[in-house]
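A quick write-up on the structure given underneath.
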Amino acid sequence: MRLLIILLLVLAAPLSATAQGRNGLTIGAGSLGIEAIYTRNLNSYFDIVLGYSALDYNDTFTDDDGNSFTGSATIEAPRIGLQFFPLSFLNMEVGMVFGAPDLGISARPNEDDEFQIGDNNYESSEIGYLTGNVDFENETAPYVLLGIGRNVGGGLGLSFSIGAIQYGAPSVDLRTEDCNFSFSDLQLSATCLALAADVEAEERQVNADLDEFELWPFARIGLTYSF
């Protein structure tokens, strides 16, 4: 929030005469999806950036055990940043992204209509489907980019940046849609209890593996028109 206030104050400051009217509109793509950026030139060393990225992605994957997974990613992420130009074509951008990726997964059984979870197999008719979602520590996160090109002052142009967003370590929540749990069927009840233990163990293992991934890679390329 402090960075947002500082950037808004900078935006409201008077522009120098040489920077008057220097604006840029950019359409690009990157690791946050399709993006639109408005850039306002402040002086020869600084530009302020207002961006919005959006992504709606779905795909299906199959692992070595024959299990099929449908993965989804939805991103709606406005951001505000300040670009510094130590040289005319090289820049560093720092700012805040408002919105973490919404990631989901839905598992489908293999050709034998079974799931393999841990070392055990479960029939889909007994447990239904296995789904999950990924949450991040920070919905609002700082980012840093290093880039080539400038969004203002050159008519049509290209810009490229690469860096990272500090969303924090992701965590996975796995669950079964329907285990048909019933105390009247002790065998099925035992299956559901065993499934719950296997899912919990799988979840702990995945989250342990994800602990070190606190940074989301942020790369983008865009076509800019300045006016």
Side-chain angles (χ1 to χ4, degrees), residues 3-4 6-7 10-11 22-42 45-61 69-105 133-172 206 209-226:
L3 177 59
L4 176 60
I6 293 173
L7 292 177
V10 172
L11 180 60
R22 299 287 290 277
N23 305 279
L25 295 178
T26 302
I27 299 297
S31 54
L32 291 183
I34 302 299
E35 64 177 18
I37 301 172
Y38 168 72
T39 303
R40 179 72 172 269
N41 175 237
L42 300 177
Y45 291 104
F46 291 98
D47 293 342
I48 194 166
V49 175
L50 302 175
Y52 182 84
S53 299
L55 176 68
D56 189 4
Y57 173 82
N58 288 275
D59 205 351
T60 301
F61 310 90
F69 302 88
T70 299
S72 64
T74 302
I75 297 175
E76 295 180 358
R79 76 175 190 269
I80 183 170
L82 185 67
Q83 291 183 331
F84 169 63
F85 292 84
L87 299 175
S88 60
F89 61 95
L90 296 177
N91 70 80
M92 172 183 286
E93 180 180 335
V94 296
M96 299 292 292
V97 176
F98 305 92
D102 182 10
L103 307 180
I105 186 171
N133 63 278
V134 179
D135 293 320
F136 293 86
E137 290 182 7
N138 306 315
E139 281 291 321
T140 299
Y143 72 88
V144 176
L145 290 172
L146 298 177
I148 299 174
R150 194 161 193 171
N151 296 342
V152 295
L156 287 175
L158 287 173
S159 61
F160 172 77
S161 301
I162 188 169
I165 306 171
Q166 192 179 20
Y167 280 125
S171 61
V172 176
V206 171
D209 293 339
L210 292 176
D211 274 345
E212 60 185 277
F213 297 100
E214 295 191 359
L215 300 178
W216 179 280
F218 191 7
R220 51 163 302 277
I221 186 170
L223 177 64
T224 295
Y225 171 70
S226 62

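- Scanning both residues, Arg79 and Phe98, for their nearest heavy atoms gives CA-CD1, 4.1 Å.
- The local environment of OH in Tyr225 is sparse, with at most 12 non-hydrogen atoms from other residues, nucleotides or ligands closer than 6.0 Å.
- In plain terms, the two heavy atoms of Ser159 and Arg220 that are nearest each other are OG-NH2, 3.4 Å.
- The distance from atom CG of Asp56 to atom CD of Glu76, rounded to the nearest 0.5 Å, is 9.0 Å.
- Of the candidates Ile75, Ile165, Thr74, Pro101 forms a side-chain contact (heavy atoms from CB on, under 4.5 Å) with just one, namely Ile75.
- Judged by distance alone, with hydrogens and angles left aside, the side-chain atoms of Ser226 form no donor-acceptor pair with the main-chain N or O of Asn23 at under 3.5 Å.
- Contact detail for Pro217 and Ser31: the closest heavy-atom pair is O-OG, 2.8 Å.
- Other residues, nucleotides and ligands contribute over 12 non-hydrogen atoms within 6.0 Å of the CD atom of Glu214.
- A distance of 10.0 Å separates CD1 of Ile48 from CD of Glu93, quoted to the nearest 0.5 Å.
- Distance CG/Leu223 to OG1/Thr26: 8.0 Å, rounded to 0.5 Å.
- Nearest approach of Gly168 to Phe136, heavy atoms of both residues: O-CD2, 3.8 Å.
- Summarising the geometry, atom CG belonging to Leu87 is positioned 11.0 Å from atom CD1 belonging to Ile148; distances are rounded to the nearest 0.5 Å.
- Side-chain atoms of Asn91 never come within 3.5 Å of backbone atoms of Arg150 as a donor-acceptor pair (strictly under, hydrogens ignored).
- Relative ring orientation between Phe84 and Phe46 is described as tilted, the plane-to-plane angle lying within the 30° to 60° band.
- Among Leu25, Val49, Ile27, the one residue that satisfies the side-chain contact (heavy atoms from CB on, under 4.5 Å) test with Ile37 is Val49.
- Side-chain contact between Asp47 and Val152 is present, with heavy atoms from C-beta onward closer than 4.5 Å.
- Between the OH atom in Tyr52 and the CD atom in Glu35 there is a gap of 12.0 Å [rounded to 0.5 Å].
- Rounded to the nearest 0.5 angstrom, Leu146 CG and Phe160 CZ are separated by 10.5 Å.
- Taking each heavy atom of Leu145 and Phe218 in turn, the nearest pair found is CD2-O, 3.4 Å.
- Listed here is the closest heavy atom pair of Glu139 and Tyr167: O-CE2, 4.3 Å.
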